[in-house]
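Down below is the structure, laid out as structure tokens.
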Amino acid sequence: FEVGSSVGLNMTEALYNNIFWNLNASYHFTEVHGINVVANMMLPGLSKNGQALKDGKIQKSNLTFDPSRAPSSTYSLFGNYQLVAYYGKISLTKQLVMNLSLYGLAGLGVVSFGDSTSIGMDVGFGQKLYFTKNLALRFDMSVYVYPGPDPTAPKTPNKLLLTGGEKLGSSDFEQTVYSHVFLSFGLVYLL
């Protein structure tokens, strides 16, 4: 068994806060095969670009675009198959040698937008550097693909996301397919 926590960045998010933290747990059937569960919690708020759009600093017209009125992903929960491709040692200096494992991940999960939930899939890879037999530094890079409401495409044109209006729900927007790259690093403890 392995449990851990990480922080990371959604590398392809333009409108909303791209920082997240997660909890993860893994069970290894063998040294090669295992399952992994990861829960990502997105920090609320807008990115610098999203805030600039809301403040009217990017557009050349008097209209503003307020993405905070649209639903954004709040958390995700994914279950993955984990395949360890390499386990060995790495020499960082002449005196410092660490155990290393490289692995691939693929799985299915759910993404919540507050008032709606979508089913998605992910694929990625990662690396663990072991400080001791029980403590390791974990790096992951995954691509998450899932459908969700598109804040730039309201279903009715009179519900444009102008600053100062009420918050709208997922059903007020057309659907799009998101493809986001998540990069995370943290510590794991092996039981």
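- To the nearest 0.5 Å, the span separating NZ on Lys89 from CG on Leu100 amounts to 10.5 Å.
- Between Tyr16 and Asn10, the side chains place no donor N or O within less than 3.5 Å of an acceptor N or O (distance only, hydrogens not considered).
- Put simply, the side chain of Leu15 does not reach to within 4.5 Å of the side chain of Ser72, judged on heavy atoms.
- Although no hydrogens or angles enter the test, the distance criterion places no donor-acceptor pair under 3.5 Å between the side chain of Asn24 and the main chain of Val38.
- Follow the hydrophobic side-chain contacts under 4.5 Å out from Val37 and you never reach Tyr81; the two are in separate clusters.
- For Tyr178, the OH atom is densely surrounded, since the number of other residues' heavy atoms within 6.0 Å is greater than 12.
- One distance of note links CG of Asn99 with NZ of Lys133; it measures 10.5 Å at 0.5 Å rounding.
- Remark: Val145 pairs with Met121, Val143, Val177, Ser179 by the side chain to side chain contact (heavy atoms under 4.5 Å, CB included) rule, at least two apart or across chains.
- You'll find the side chain of Asp122 stays beyond 4.5 Å of the side chain of Phe182, heavy atoms only.
- Asp140 meets the salt bridge (charged side-chain N to carboxylate O under 4.0 Å, His left out) test with Arg138; sequence neighbours excluded.
- When only modelled atom types and interatomic distance are considered, Ser47 and Asn18 share no side-chain donor-acceptor pair under 3.5 Å.
- Asn17 contributes no side-chain N or O that, together with a main-chain N or O of Gly45, makes up a donor-acceptor pair within less than 3.5 Å.
- Across all their heavy atoms, Ala136 and Tyr130 have their closest contact at CB-CD2, 3.6 Å.
- Contact check for Gln175 versus Pro149: side-chain heavy atoms found under the 4.5 Å cut-off.
- Atom-to-atom distance recorded for Phe185:CZ and Ser6:OG is 8.5 Å, nearest 0.5 angstrom.
- Side-chain contact between Lys155 and Asp172: absent, with no pair of heavy atoms (C-beta onward) separated by less than 4.5 Å.
- In the hydrophobic cluster analysis, where Ile, Leu, Val, Met, Phe, Trp and Tyr join through side-chain heavy atoms closer than 4.5 angstrom, Leu23 is grouped apart from Leu105.
- Taking the six-membered ring where the residue is Trp, Phe1 and Tyr27 present tilted rings, their angle falling between 30° and 60°.
- Using the six-membered ring where Trp is involved, Tyr146 and His180 have ring planes that are tilted, between 30° and 60° apart.
- Looking only at side-chain heavy atoms (C-beta outward), Leu83 and His33 come within less than 4.5 Å of each other.
- Between atom CD1 of residue Ile35 and atom CD of residue Gln82 there is a gap of 10.0 Å, rounded to the nearest 0.5 Å.
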### Query
Hey, mind stepping through Glu166 and Leu168 against side chain to side chain contact (heavy atoms under 4.5 Å, CB included) and telling me if it holds?
CA-CA 6 Å; Glu166 77 282 355; Leu168 302 175; 3.4 Å; yes
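- A heavy-atom distance below 4.5 Å is found between the side chains of Val111 and Phe78.
- Counting only heavy atoms from C-beta outward, the side chains of Ile19 and Val7 never approach each other to under 4.5 Å.
- Residues satisfying the side chain to side chain contact (heavy atoms under 4.5 Å, CB included) test with Met141, not counting sequence neighbours, are Phe125, Val181, Leu183.
- Hydrophobic clustering places Leu187 together with Phe139 (ILVMFWY residues linked when any side-chain heavy atoms are closer than 4.5 Å, directly or through intermediates).
- A continuous path of Ile, Leu, Val, Met, Phe, Trp and Tyr side chains, each step under 4.5 Å between heavy atoms, connects Leu137 with Ile90, placing both in one hydrophobic cluster.
- Exactly one of Tyr75, Tyr144, Trp21 qualifies for a side-chain hydrogen bond (donor to acceptor under 3.5 Å, both in side chains) with Asn40. That residue is Tyr144.
- Residue Leu96 places its CG atom among more than 12 non-hydrogen atoms of other residues, nucleotides or ligands, all under 6.0 Å distant.
- Between atom CG of residue Leu9 and atom CZ of residue Phe20 there is a gap of 7.0 Å, rounded to the nearest 0.5 Å.
- Going from atom CD of Glu174 over to atom CG of Asp150 covers 8.5 Å, rounded to the nearest 0.5 Å.
- Counting heavy atoms from C-beta on, the side chains of Glu13 and Met42 never come closer than 4.5 Å.
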